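Okay, structure first, notes after.
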Amino acid sequence: MKKSSIKRCAAVLAACTVMAASAPAVSAPTMAAGNLISNSTFESGTTDWGTYKESGGKCSLSTKDGQLALTVSNVGKVNYAVQVFYDIVPLYKNGVYRLKYDISSSVDRFVEGMIQMNGGDYRSYTWKGLQLTSTPQTVDYQFTMKDDTDIMAKLVFNCGIQEKYEGELPEHTIFIDNVSLELVDDSQVDYASSRPYAPSININQVGYRPDSRKIAVFRDVTDQKEFKVVNAVTKEAVYTGKLENMKENSSAGETNWTGDFSSVKEAGKYYIACEGLDDSYTFEIGDKVYSNLIDDSVRMLYLQRCGVKVEDKDFGHEPCHTSMATVYGTSDKIDVSGGWHDAGDYGRYVVPAAKAVADLIYAYDAAPELYSDNIGIPESGNGTPDILDEARFELEWMMKMQASDGGAYHKVSCKTFPGYVDPTKETGELIVTPVSSTATADFCASMALAAEFYEKYDKDFAKKCMDAAEKSWAWLEANPDFKFKNPEDIVTGEYGDLTDRDERYWAAVQMYRATGDEKYIANVSRALTGLDWSTVGDYGNIALLTMKNADKDSEIYKNAVNAVTSQAKSMLSTSNSSPYGVSISKYNWGSNMTIANSGIILSLASKLSGDNELANGANAQLDYLLGTNPLGISFVTGYGTVSPENPHHRPSMAAGHAMKGMLVGGVNQSLEDSAAKAYCKGQPSAKCYVDNSESYSTNEITIYWNSPLTYLLSLTDKTESTQPEVTTTTTTTSATTTTTTSTTTTTTESTTTATNKPDKAVTLAGDANCDGAVDMSDVVIIMQALANPNKFDINGTDEHHLTEQGAVNADVSERGNGMTTADALEIQRYLLHITDKLS
């Protein structure tokens with residue numbers, strides 16, 4: 001028996017509870033001793049303390065005479081319009097705490113002191129109403145944490161308007177000192193939780209194309225020397241390989257080995273086995289292994305549509321954000337309805353929209369055969385590939401963002417972010433921010449690109465795009481200086497920049513490609529780089545390198561080649577030095593976008609040079625995103641055995657489950673939100689990710705993180721591995737082809753009995769999900785159906801709910817008594833080889 005198999009089964013079931021609660025488990029802490037509040041007497045100034053302002057609230061934070069000093073110049077319109085807070089307060093259920101602080105105010109007033117949930121419904125775990133005077137008072141009391149454990153709670157003082165007590169106030173200062181929070185009794189606290197299960201063998205959980213390079217990454221290895229690729233249906237090994245390339249991986253805090261199984265090319269479902277380690281998650285090999293993922297990566301954009309009715313069982317909504325928008329600083333009202341909600345919030349921004357549109361159009365250009373006209377959007381069946389229909393929806397909104405002089409307004413949003421509501425519930429005033437040169441250049445490039453690709457489908461629309469591009473080009477010529485300013489009273493995403501040179505480079509080259517007129521590139525002296533929203537030079541390079549009848553002897557073309565190939569060489573070097581094949585060594589906000597962008601550059605360089613090692617590098621980036629990473633997670637919602645279930649995405653949060661096909665931001669070693677600070681503190685840099693809806697710095701989604709994934713899937717579709725055929729040490733067996741993508745949604749355990757249909761015959765005992773194999777995914781679907789029958793039972797609403805046949809197959813403990821948790825346990829016993837047969 002494998003030593004860790006029982007531990008793994010327990011961990012997978014434990015994950016059902018953990019993930020359903022939207023909070024990952026944490027390592028058992030040492031019992032708190034002393035003060036949980038750092039900088040409690042403010043010798044370090046305001047370090048670790050911050051403010052929040054909204055609804056007209058204005059304040060500043062400093063220290064005075066060794067005290068924290070919050071100067072409130074406007075109490076705003078709500079009680080939380082001004083807050084001073086201390087982030088990351090760990091509270092454990094049933095723990096008894098003592099909270100103490102000194103507080104006063106330069107004017108008599110009422111404030112609220114509390115420790116609250118940092119997100120969700122912002123409930124207070126403890127609350128005190130305080131009547132302040134200029135004489136300091138000491139607040140000192142004990143409370144018991146009655147709610148579930150929350151290690152990222154927040155100590156907050158609400159200092160906004162208190163109409164019940166005094167209403168508006170003149171400018172004044174609130175002083176806080178000697179703050180302490182102690183856990184005084186943890187006798188009833190359960191510290192038994194552990195971090196989420198970490199698989200010892202990591203692979204691309206979605207699967208591989210037959211000719212792609214296939215690398216498994218191993219950890220927890222003791223003295224193992226070889227691994228096997230096992231057919232998940234027949235349970236027969238089809239390939240035996242060696243563990244190689246042992247490497248200390250400091251970024252992940254582990255020692256890794258790799259196993260190459262590129263010679264396994266026959267379509268089917270497989271897993272990796274290695275003596276003494278848990279089997280890998282099941283994966284698929286096949287030509288169409290990414291077909292559903294490609295469709296969903298585009299369809300999620302439809303579900304992000306704004307201003308129109310969206311039809312979907314879970315994420316549909318009536319038209320939202322349809323009111324006229326005010327141009328900032330004026331009384332002008334304009335219609336800017338339409339487009340995609342940019343990210344986890346509902347703002348719409350021209351700069352990232354341009355990147356997303358370019359990725360989609362070039363994705364279609366790279367592999368048009370991958371994109372159908374039937375992915376389930378309103379335009380499906382109209383004769384235009386749906387990916388171009390979806391891009392057009394964004395382009396039409398962008399046109400509304402063009403001012404009369406040709407410049408492009410930077411963005412449209414409300415003044416503040418909305419709560420965790422569906423889009424129709426955000427009804428605040430829409431504000432259009434001023435024209436910027438970055439938005440205008442990106443707009444110009446996008447329209448020139450669109451003019452070319454829509455000519456085949458709609459000549460009138462293509463001309464409209466070109467006219468808009470030329471108008472913006474004229475604005476850029478008339479306004480050569482960098483222009484950008486985000487109004488200080490609007491707190492939604494800024495998408496700021498330090499220069500517009502790369503945006504102008506892209507616009508110039510894209511206009512040249514669209515028209516063939518060299519006047520547009522007359523002032524282009526060198527190639528610029530970047531595929532991020534703030535650095536877009538490589539889109540100019542792509543325009544040149546994929547241009548029909550390009551002059552390959554021209555200086556501008558050669559510069560573009562050199563720019564792409566030099567980047568690719570550096571990326572490949574980094575990728576080859578990492579056991580997981582990832583092309584970055586530092587993980588910043590949106591690292592998954594950076595990794596997808598790297599895959600794009602590597603693939604483009606491979607096509608230019610014919611160097612298949614670069615193609616292998618591109619595939620390695622895709623593998624990382626889909627599971628070959630230190631976290632053992634596919635970063636695309638709904639794809640892979642383990643994928644994000646709690647993204648920072650308001651529609652998903654409102655619906656109670658994740659929208660499918662979204663690439664989350666990924667690892668961010670800077671710990672830039674409360675959830676990351678709470679759950680990732682002390683973790684190696686490559687593991688600083690948390691599947692928590694409050695972790696906007698690691699777990700948010702955006703349209704321009706999804707779009708490079710789509711582009712990468714296109715570019716890698718026809719790449720081939722340079723790996724030689726390897727002679728297997730076992731006989732290769734045939735495998736059954738399947739196109740079903742395995743997804744797992746975890747939930748809490750229940751003992752409720754699910755009803756099966758006794759008149760059906762068993763097709764494979766234990767095969768609850770009817771995929772032709774018995775594995776942990778069958779255990780999970782049983783537990784889902786028992787815990788949430790309305791969603792996952794045979795009459796459930798989820799697309800992966802239990803079928804009648806699955807319920808019959810699942811009834812293995814006492815056949816005929818219906819499906820219970822005993823069946824899940826019996827299947828686990830079978831998988832652990834405690835029993836030899838399922839009845």
Side-chain angles (χ1 to χ4, degrees), residues 22 54-55 77-78 80 119-122 296 298-328 333-350 352-353 356 375-380 389-390 392-398 400-401 409 411-433 490-493 637-638 646-662 693-694 696 699-704 706 791 797-798:
S22 300
E54 73 152 71
S55 303
K77 298 178 181 178
V78 293
Y80 52 88
D121 59 9
Y122 294 97
D296 281 335
V298 175
R299 192 173 187 275
M300 69 80 63
L301 296 169
Y302 164 65
L303 299 179
Q304 291 287 107
R305 285 190 185 185
C306 181
V308 296
K309 185 174 182 177
V310 172
E311 301 278 0
D312 185 77
K313 175 170 63 71
D314 296 315
F315 299 102
H317 60 78
E318 294 299 314
C320 58
H321 304 97
T322 56
S323 61
M324 299 290 280
T326 302
V327 178
Y328 187 86
K333 302 278 188 179
I334 61 174
D335 171 25
V336 289
S337 59
W340 302 317
H341 299 134
D342 174 69
D345 61 285
Y346 300 129
R348 288 162 288 155
Y349 311 84
V350 169
I375 68 171
I377 65 175
E379 296 80 6
S380 292
D389 282 324
E390 202 54 59
R392 177 171 176 167
F393 187 81
E394 185 78 339
L395 287 160
E396 289 176 339
W397 165 74
M398 291 171 69
K400 295 181 179 181
M401 294 291 285
Y409 296 116
K411 67 175 184 178
V412 58
S413 71
C414 298
K415 286 189 174 182
T416 61
F417 289 112
Y420 298 150
V421 297
D422 68 54
T424 60
K425 298 294 195 304
E426 186 186 45
T427 57
E429 182 185 14
L430 294 175
I431 307 294
V432 173
T433 58
I490 296 179
V491 301
T492 54
T637 55
N646 307 292
H648 184 81
H649 177 241
R650 281 164 176 77
S652 294
M653 296 159 82
H657 63 94
M659 184 185 291
K660 193 174 182 182
M662 303 185 299
S693 58
E694 293 300 325
Y696 49 82
N699 212 34
E700 190 169 10
I701 66 91
T702 72
I703 58 174
Y704 61 90
N706 252 60
K791 185 174 181 181
T797 58
D798 191 272

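Because the structure is a prediction, the values reported are computed rather than measured.
With rounding to the nearest 0.5 Å, the separation of CD in E390 from CG in L395 is 11.0 Å. The structure places NE2 of H648 at 6.0 Å from CE of M653, a figure rounded to the nearest 0.5 Å. Rounding to the nearest 0.5 angstrom, the gap separating the CD atom in E394 from the SG atom in C306 is 10.0 Å. Taken from CG in D312 to CE in M300, the straight-line distance is 12.0 Å, to the nearest 0.5 Å. Considering CD1 of I490 and OG of S413, their distance stands at 5.5 Å, rounded to 0.5 Å.
Of all heavy-atom pairs between G347 and Y349, the closest is C-CE1, 3.4 Å. Scanning all heavy atoms of the two residues, the minimum distance from D314 to A655 falls at O-CB, 4.1 Å. Scanning all heavy atoms of the two residues, the minimum distance from V432 to I334 falls at CG2-CD1, 4.1 Å. Between T427 and T424, the shortest heavy-atom contact is CG2-O, 3.6 Å. Across every non-hydrogen atom of V336 and A325, the tightest pair is CG2-CB, 3.7 Å. Of all the heavy atoms in W340 and I703, the pair that sits closest is CE3-CD1, 3.8 Å.
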### Task
Kindly determine whether C414 and I431 satisfy side chain to side chain contact (heavy atoms under 4.5 Å, CB included), including the steps that lead there.
CA-CA 6 Å; C414 298; I431 307 294; over 6 Å; no

### Message
For a side chain to side chain contact (heavy atoms under 4.5 Å, CB included) check, start with the C-alpha distance between F393 and I377, then their side-chain angles and the critical distance, and finish with the verdict.
### Response
CA-CA 11 Å; F393 187 81; I377 65 175; over 6 Å; no

#### Entry: Criterion salt bridge (charged side-chain N to carboxylate O under 4.0 Å, His left out) on R392 and D389, from CA distance to verdict
CA-CA 5 Å; R392 177 171 176 167; D389 282 324; over 6 Å; no

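In this structure, H649 and F315 have tilted ring planes: the angle between them lies in the 30° to 60° band.
With contacts defined as side-chain heavy-atom distances shorter than 4.5 Å, the pair M662/S652 qualifies. No side-chain heavy atom of V412 sits less than 4.5 Å from a side-chain heavy atom of H321. The closest side-chain heavy-atom distance from T433 to Y409 is not below 4.5 Å. The side-chain heavy atoms of Y346 and P418, taken from C-beta on, include a pair separated by under 4.5 Å.
The closest side-chain donor-acceptor pair between Y420 and E694 falls under 3.5 angstrom. Between the side chains of T326 and K333, at least one donor-acceptor pair of N or O atoms lies under 3.5 Å.
Salt bridge D296/R299: absent, no basic N to carboxylate O contact under 4.0 Å.
Although no hydrogens or angles enter the test, the distance criterion places a donor-acceptor pair under 3.5 Å between the side chain of H341 and the main chain of Q304. Not a single donor-acceptor pair under 3.5 Å links the side chain of Y302 to the backbone N or O of V310. In this structure, R348 contributes its side chain and W397 its backbone to no donor-acceptor pair below 3.5 Å. Remark: side-chain polar atoms of R650 are paired, donor with acceptor, to backbone N or O of G344 under 3.5 angstrom. Between the S693 side chain and the N646 main chain, no donor and acceptor come within less than 3.5 Å of each other. In terms of modelled atom types and a separation under 3.5 Å, the side chain of S337 and the main chain of T322 share no donor-acceptor contact. With hydrogens and angles disregarded, a donor-acceptor distance shorter than 3.5 Å links the side chain of T637 to the backbone of G661.
Contacts of Y328 classified as ring pair (Phe, Tyr, Trp, His ring centres under 6.0 Å), with partners at least two apart in sequence or in another chain: none.
A salt bridge (Lys or Arg N to Asp or Glu O under 4.0 Å) check over residues 334-345, counting only residues at least two apart or in different chains, returns the pairs D335-K400.
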